[in-house]
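The structure under discussion appears below in the form of structure tokens.
The figures here come from the full heavy-atom set of this structure, side chains too, leaving out hydrogens, waters and symmetry mates. Both ligands and their constituent atoms are indexed starting at 1 by order of listing. Each residue takes its place number in the sequence, starting with 1. Since the structure is predicted, the reported quantities are computational estimates derived from the model, not experimental observations.
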Amino acid sequence: MSAQHLSQALQRIEASPTTAMTDRASELRAEGRDIISLSVGEPDFDTPLHVIAAAKAALDAGDTRYTPVTGTTRLKEAAALHFRRDLGIAAEARDVIVTAGGKQAIFEALVATVSPGDEVIVPSPWWVSYPQMVRFAGGTVVPLRTSASDGFRFRPSELEALITPRTNWLLLNSPGNPTGAVFSADMLRGIGEVLRRHPQVLVLSDDIYAPLRYSDEPHAALAALCPDLAERIITVSGVSKSHAMTGFRIGVATGPDWLISAMGKLQSNSSGNPASISQAAAVAAFEGPQDFLADWRDAFRRRRDMVAARINATPGLSTPVPDGAFYCLVDAAPLMEPFGGDDGKLALHLLDNGVATVAASAFGGRDGFRISFAADEAVLDTALDRIEKALS
Ligand code: GLU
């Protein structure tokens, strides 16, 4: 098919680089190549048994039909519990929408509200799909650049300097992908003060990595800290990252009624309800035992320490030690010459050497690559050996 058939909206976007690299790694593996994939953010732990049991029970009970488009009441109640218990957000079931992964919630929120000419402030480095979704909706991406020296966090004044009368969203992601940056409660309160001066700005707070923080501070969520702004904050969460349920495709979001309804309208005309079996499994994830999350977090912390230490001991590579999530954004600036300054070529070189990563430029960064350390320590160790050798 020729490009002339493609809509203008589609022509403004590219395929997701994270999923493209992961698909490529799977293809190479299927061809018999020995590839370690550190390209996608997907916990390697087994999905908890009580979640699997709930999915099986749903199948056995004949739970195999349409559910309400925006999710079952049962799951909305469980998700509201999650928002209250884990994020401190005063959510009720009626304020929740259930989507096919957090990704769909973000897509719907943006497509439901962004019109051509609207400006969306996206802190960079960003998760790959944020700018694509904004462009698809016809909006203009306004990057809010952050750097490793600031821990990839921006100051309220830097945010305010970018706000114009056309700004309609700020995208927040803490803990962040791909940097692992975490905003403290004080930082978020400072952001809240700026937002109070600019009532046209909505906030999408992507808190999907909330359980994956490596300090003992409780998770800080903007909607919990600034309840007076609740009418313009949507908070996105889910079970994919926290409960190793990426394939179930369940995301949840809570926000003002007008926006949740608008998202539901879109969903009713596109995917319809999220999978019934997955919804039953997600109820078990939110309502079942949560104590294993602390063990998983400890395992991620050990991996993080190991990966960051090895990267920082490799000549030409450096990374801050991330405070949350399971990614390291690695700077390889001193090693870029053989790749003509193109970190896409660097990522392909690493792939040729048996490790799939994603180029920093895919995240609005440069001269580096992202590693997901959601793999076991022995695998990470081998991957780091390969990276070291490939770049020596
Ligand atoms: N969010 C994950 C990542 O960044 C999953 C892949 C994706 O949807 O981008 O790797």
Quick one: OG1 on Thr179 to CG on Leu329, what's the gap to the nearest 0.5 Å?
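The CG atom of Leu329 is 7.0 Å from OG1 of Thr179, to the nearest 0.5 Å.
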Answer side chain, backbone, both or neither: which part of [X] comes under 4.0 Å from ligand 1, heavy atoms only.
{"X": "Val358", "answer": "neither"}
{"X": "Thr18", "answer": "side chain"}
{"X": "Glu42", "answer": "neither"}

Among all protein heavy atoms, pick the one closest to atom 1 (N) of ligand 1 and tell me residue, atom and distance.
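Looking only at protein heavy atoms, the one closest to atom 1 (N) of ligand 1 is Lys241 NZ, 3.2 Å.
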Would you mind checking which non-hydrogen protein atom is closest to atom 8 (O) of ligand 1, with the distance to 0.1 Å?
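Answer for atom 8 (O) of ligand 1: Lys103 NZ, 2.6 Å.
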Taking distance alone, with N or O pairs closer than 3.5 Å, would you say Gly41 contacts ligand 1?
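Yes, at least one N or O pair falls under 3.5 Å.
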Sub-3.5 Å N/O-N/O distance, Asn177 and ligand 1:
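There is such a contact, yes.
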Under 4.0 Å from any heavy atom of [X], which atoms of ligand 1 are there?
{"X": "Arg370", "answer": "3 (C), 4 (O), 10 (O)"}
{"X": "Tyr327", "answer": "2 (C), 3 (C), 4 (O), 10 (O)"}
{"X": "Val40", "answer": "5 (C), 6 (C), 10 (O)"}

Under 3.5 Å, is there a donor-acceptor pair linking the side chains of Ser39 and Thr22?
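Indeed, the side chains of Ser39 and Thr22 share at least one donor-acceptor pair under 3.5 Å.
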Ser124 (side chain) donor-acceptor with Trp126 (main chain) under 3.5 angstrom:
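Such a contact is absent between Ser124 side chain and Trp126 backbone.
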Glu287 (side chain) donor-acceptor with Ala285 (main chain) under 3.5 angstrom:
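Such a contact is absent between Glu287 side chain and Ala285 backbone.
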Search all heavy atoms of Lys241 against all heavy atoms of Leu212 and return the closest pair with its distance.
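It is O-CD1, 4.4 Å.
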Between Phe300 and Tyr214 (judged by ring centroids, cut-off 6.0 Å), do the two rings come close enough to count as a pair?
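Ring centroids of Phe300 and Tyr214 are no less than 6.0 Å from each other.
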Output field: ring centroids His243/Phe292 closer than 6.0 Å:
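Centroid distance His243-Phe292: below 6.0 Å, so yes.
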